[in-house]
Amino acid sequence: MLDIQLLRTDLEHITHKLASRNYPFPVEQFNQLEHERKIVQTRTQELQAKRNAASKSIGVAKSKGQDVSEILAEVANLGDALKLSESKLEQIQSELQAMLLEVPNLPHDSVPEGSGEEDNQEIRRWGVIPAFDFEVRDHVSIGEGLNMLDFETAAKLSGARFSLMKNNLARLHRALAQFMLDTHVQEHGYIETYAPYLVNQSSLQGTGQLPKFEEDLFIVSAGSSKKNPLELHDHFYLIPTAEVPITNIVRDEIIPLKALPLKFVAHTPCFRSEAGSYGRDTRGLIRQHQFDKVELVHIVHPDQSYVALEELVGNAEKILQKLRLPYRVVALCTGDMGFSAAKTYDIEVWLPAQNTYREISSCSNCEAFQARRMQARFRNENGKPVLLHTLNGSGLAVGRTLVAVLENFQNADGSVSIPEVLQPYMNGLDRLLTAGGK
RNA sequence: GGAGAGAUGGCCGAGUGGUCGAAGGCGCUCCCCUGCUAAGGGAGUAUAGGCGCAAAACGCUUAUCGAGGGUUCGAAUCCCUCUCUCUCCGCCA
């Protein structure tokens with residue numbers, strides 16, 4: 001959420017910046033509401049002050065045993081006018097609030113201008129793209145060839161966009177997550193967390209998924225509920241990313257200065273409805289309703305958030321380097337950034353079968369955008385509560401990393417070599433070979 | 001699922017209709033006293049918002065005692081709903 005003070009004092013500039021990310025801010029509607037707000041709020045507060053003064057004098061008079069009927073008559077008509085004014089104010093405030101909750105974050109000055117993916121800016125590349133002396137296969141063909149990846153059975157169990165892994169592939173998937181967690185905890189100083197996979201509405205509003213992107217989420221309610229889950233008070237949402245529960249750790253909190261920065265890592269499944277992505281990446285593990293991700297979250301002092309962003313990206317890159325997977329880092333342009341981000345770097349890993357780089361991590365500095373929604377603050381040098389800055393990034397998406405390993409480490413005979421750093425997690429195994437059985 | 005108890009400031013804790021944004025304590029900040037230390041004395045110490053001011057300061061004002069609604073001229077206090085915590089019983093990985 002943007003600071004409403006900014007909108008009041010610097011509307012033109014803000015509108016211009018929002019336009020660069022394809023968000024047309026409703027200037028007239030805002031001005032109209034603000035105008036009304038000012039009038040109604042002033043009137044309401046005057047009436048409240050009047051009532052408070054009268055009530056106080058009634059109390060004083062009564063304690064002295066004086067007659068209060070005169071003062072009572074004076075305030076008799078106040079009640080209705082006040083109630084009317086209060087409800088009008090409330091209506092205006094909630095309209096303003098609803099408007100603000102839909103406005104995306106302002107891009108940082110260093111973000112390249114652009115309308116879409118094609119305007120993103122490549123920052124650096126790492127690694128050597130592997131050369132194959134045989135026809136490369138994609139991860140689906142490799143996985144099915146090993147008899148370890150089974151989309152047909154997954155479709156029977158659940159439907160489209162689900163997967164079933166078996167045998168050493170399932171183990172390799174687990175190994176990847178363990179390896180990522182261990183690296184971030186032991187080498188990068190993150191606090192390991194285990195957090196809920198079902199969260200409430202407030203948490204999703206805090207990180208920016210609600211109210212605008214409800215259609216991307218899965219909603220769940222207790223089995224005994226017959227009604228539409230949305231009408232129920234007691235429904236949950238499946239997390240679309242661990243960013244939601246982890247960042248919301250600091251919602252409605254005031255963190256002591258000396259506790260900063262906070263760096264959390266969590267390995268969780270993520271659930272996304274993928275509404276609006278029909279026909280995209282329908283083959284394989286790239287775009288699933290359920291996938292695992294190791295998520296990194298930084299909660300930092302505002303002065304430190306851009307330093308932290310570089311650190312965060314570096315931490316995620318380290319995983320790919322250790323796995324020896326070639327990648328590039330891209331700075332997203334204004335038009336391609338997510339709702340809450342002020343600046344985002346994507347890390348894209350090389351996928352031989354697609355002959356291109358594909359997103360495997362997205363690292364964002366949200367500045368105070370989420371913190372303002374969450375009322376997440378710290379006590380500054382002068383003892384005053386100030387909004388924190390929040391950052392998050394994948395370190396990494398486990399399923400997509402598995403895809404990259406399968407494709408980059410494939411051999412002519414259909415086997416897949418296991419990256420050295422993962423072998424300790426695989427009981428020393430150095431190669432995936434075709435498994436027997438169903 | 002059943003029965004009961006509770007939720008008050010950074011923390012503890014008092015407060016059952018009026019001058020209560022809230023006693024007292026702890027913590028923290030500043031000052032005094034003390035050769036140093038320990039002890040002691042005094043003052044201060046919530047958050048968010050609105051309006052005014054060129055403006056920091058400041059002044060006026062509103063809201064906030066788990067959340068929302070209600071009763072009342074007036075609610076931390078009375079009523080209703082919800083959330084969460086704790087205890088006991090049941091069920092359960």
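Just so it is clear: chains get the letters A, B, ... in the order the sequence lines come, proteins before strands, and each one is counted from 1. Computed from a prediction, not measured in an experiment: that's the story for all the values here.
- The base-pairing partner of B:U29, taking Watson-Crick or G-U wobble contacts with both distances under 3.5 Å, is B:A43.
- Nucleotide B:U37 is matched to nothing when pairs are restricted to Watson-Crick or G-U wobble geometry with both distances under 3.5 angstrom.
- The partner of B:G1 is B:C89, judged by Watson-Crick or G-U wobble contacts that both fall below 3.5 Å.
- Nucleotide B:G74 forms a pair with no other nucleotide shown, judged by Watson-Crick or G-U wobble geometry with both contacts under 3.5 Å.
- Using the six-membered ring where Trp is involved, A:F378 and A:H301 have ring planes that are tilted, between 30° and 60° apart.
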N/O contacts under 3.5 Å, protein versus nucleotides 50-56 of chain B?
{"residue": "B:G50", "atom": "OP1", "partner": "A:Q5", "partner atom": "NE2", "Å": "3.4"}
{"residue": "B:G50", "atom": "OP1", "partner": "A:R8", "partner atom": "NH1", "Å": "2.0"}
{"residue": "B:G50", "atom": "OP1", "partner": "A:R8", "partner atom": "NH2", "Å": "3.4"}
{"residue": "B:G50", "atom": "OP2", "partner": "A:Q5", "partner atom": "NE2", "Å": "3.3"}
{"residue": "B:G50", "atom": "O4'", "partner": "A:Q41", "partner atom": "NE2", "Å": "3.0"}
{"residue": "B:G50", "atom": "O3'", "partner": "A:R37", "partner atom": "NH2", "Å": "2.7"}
{"residue": "B:C51", "atom": "OP1", "partner": "A:R37", "partner atom": "NH2", "Å": "3.3"}

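- Outside the 6.0 Å centre-distance limit, the rings of A:H35 and A:F30 are not counted as a close aromatic pair.
- For an aromatic pair to be called close, the ring centres must be under 6.0 Å apart, and A:F213 with A:F339 satisfies this.
- Residue contacts shown for A:R377 are limited to sugar-phosphate atoms, with no base heavy atom under 4.0 Å away.
- With the nearest nucleotide of RNA chain B identified for both A:Q48 and A:E90, A:Q48 has the one nearer the 5' end.
- Whole-Å rounding puts the A:R51 CZ to B:U61 C1' distance at 13 Å.
- Applying the ring pair (Phe, Tyr, Trp, His ring centres under 6.0 Å) definition to pairs two or more places apart or across chains, none involves residues 247-277 of chain A.
- When Watson-Crick and G-U wobble pairs are counted only if both distances are under 3.5 Å, B:G52 pairs with B:C58.
- The side chain of A:A49 lies closest to B:U61, out of B:G10, B:C73, B:U61.
- B:U16 is unpaired under the Watson-Crick or G-U wobble criterion, no partner having all donor-acceptor distances under 3.5 Å.
- Look at A:D281 and A:R358 and you find a salt bridge, because one of the NZ, NE, NH1 or NH2 atoms lies within 4.0 Å of a carboxylate O, short of that distance.
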N/O-N/O pairs, protein side and nucleotides 11-21 of chain B side, under 3.5 Å:
{"residue": "B:G18", "atom": "O6", "partner": "A:K62", "partner atom": "NZ", "Å": "3.1"}
{"residue": "B:G18", "atom": "N2", "partner": "A:S55", "partner atom": "O", "Å": "2.7"}
{"residue": "B:U19", "atom": "O4", "partner": "A:S63", "partner atom": "OG", "Å": "3.0"}

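- Not less than 6.0 angstrom separates the ring centroid of A:Y306 from the ring centroid of A:H389.
- For B:C65, there is no paired base (Watson-Crick or G-U wobble, both distances below 3.5 Å).
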